[in-house]
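One structure is given below, encoded as structure tokens.
Counting starts at 1 for both ligands and their atoms, in listed order.
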Amino acid sequence: MDHQLELAYLVVEVPEPESLTPVFGDVVGLVAGEPTPAGASTWRDDDRVHRLILQSGAANDAVAIGFEATDPSAFDATVTRLQASGFDVAEVDADAAERRVDRLARTKSPWGTNVEIVLGLAAAASPFSSPLVPGGFLTDGVGFGHAVFATTAFDASVEFLTAGLGFNQSDWLEMELAPGIDLEVRFFHCNARHHTVALARAPFDLPQVLHHVMFEMNERDDVGDAFDRLWSTELGIPNGLGRHDNDGMFSFYLQTPAGFQVEVGHGARVVTDDWDDNRRYDAISAWGHQPLRQA
Ligand SMILES: [Fe+2]
């Protein structure tokens with residue numbers, strides 16, 4: 001699919017980044033990357049130098065999300081589109097080294113997370129190989145995964161993603177979770193991945209805007225093995241194995257000690273140039289995804 005952006009990295013700030021090693025290293029099977037120049041720890045799910053950046057601090061939330069432009073003209077077009085849509089965006093080359101990119105432009109999303117448009121995310125010094133995930137992760141042409149944010153600034157966030165960043169809506173979910181409690185989630189793509197960002201309408205400000213980050217494995221059995229590793233821990237399991245109704249992803253969710261969740265999945269639908277299935281769903285899952293274990 002012809003596209004301009006891929007999910008480059010997610011920056012999460014937590015008081016104790018090492019507290020997440022059992023999650024990302026031991027359960028999900030990511031591979032530790034080199035620390036950044038400023039000393040943040042990093043994780044990889046492919047040949048890039050880092051995909052998840054864990055910096056030490058009080059925010060306890062995602063603080064930045066990076067989108068990699070596929071070439072210099074895509075970088076310029078994205079910056080121009082943001083400016084034309086009324087969003088302040090500034091090229092901050094001084095921060096490019098910390099993110100291991102050639103160019104970096106930064107704006108702030110309405111949901112509160114910094115958004116960084118980058119060019120040239122560096123390759124890692126070594127090829128990717130995870131002993132726990134022999135089939136590897138699906139990232140080629142689609143970026144490292146997806147992220148879901150919950151926000152009270154829902155309509156402004158949709159406008160930012162579509163008019164500003166040029167994402168397109170794949171479909172949406174609207175359902176009554178419980179009597180009087182409605183759920184609305186909109187799913188947006190910027191390449192063939194069904195959604196790179198999804199937005200949930202929050203009824204009030206939540207302690208974290210990051211609901212979850214997702215890593216997609218190439219092999220279904222690798223998801224099963226990861227679930228077995230999770231089962232042998234004490235980590236919370238907000239959703240056991242199941243299959244989403246809209247993107248068709250076979251996945252499970254774990255709860256990190258920091259609060260936000262991680263989805264591990266396989267086999268999601270792929271968006272094509274002639275995508276014409278932008279419609280409402282009224283169920284999160286076709287089957288499964290039962291709440292299994294409180295932390
Ligand atoms: Fe997800």
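- By the 30° and 60° cut-offs, the orientation of the rings of Y253 relative to H289 is perpendicular.
- Here the Fe ion (ligand 1) is the vertex; the NE2 atom in H212 and the OE1 atom in E263 give an angle of 100° (to 10°).
- Checked for salt-bridge contact, D282 and R280 miss the test: no charged N lies under 4.0 Å from a carboxylate O.
- Looking only at distances, no side-chain donor or acceptor of R48 sits under 3.5 Å from a matching main-chain atom of H50.
- For H146, the N, O or S atom with the smallest separation from the Fe ion (ligand 1) is NE2.
- Aromatic ring pairs are classed by plane angle as parallel below 30°, tilted from 30° to 60° and perpendicular above 60°; the pair F128 and F137 is perpendicular.
- Backbone or side-chain N, O or S atoms of H195 do not reach the Fe ion (ligand 1) at under 2.8 Å.
- The Fe ion (ligand 1) has no N, O or S atom of D247 under 2.8 Å away, backbone or side chain.
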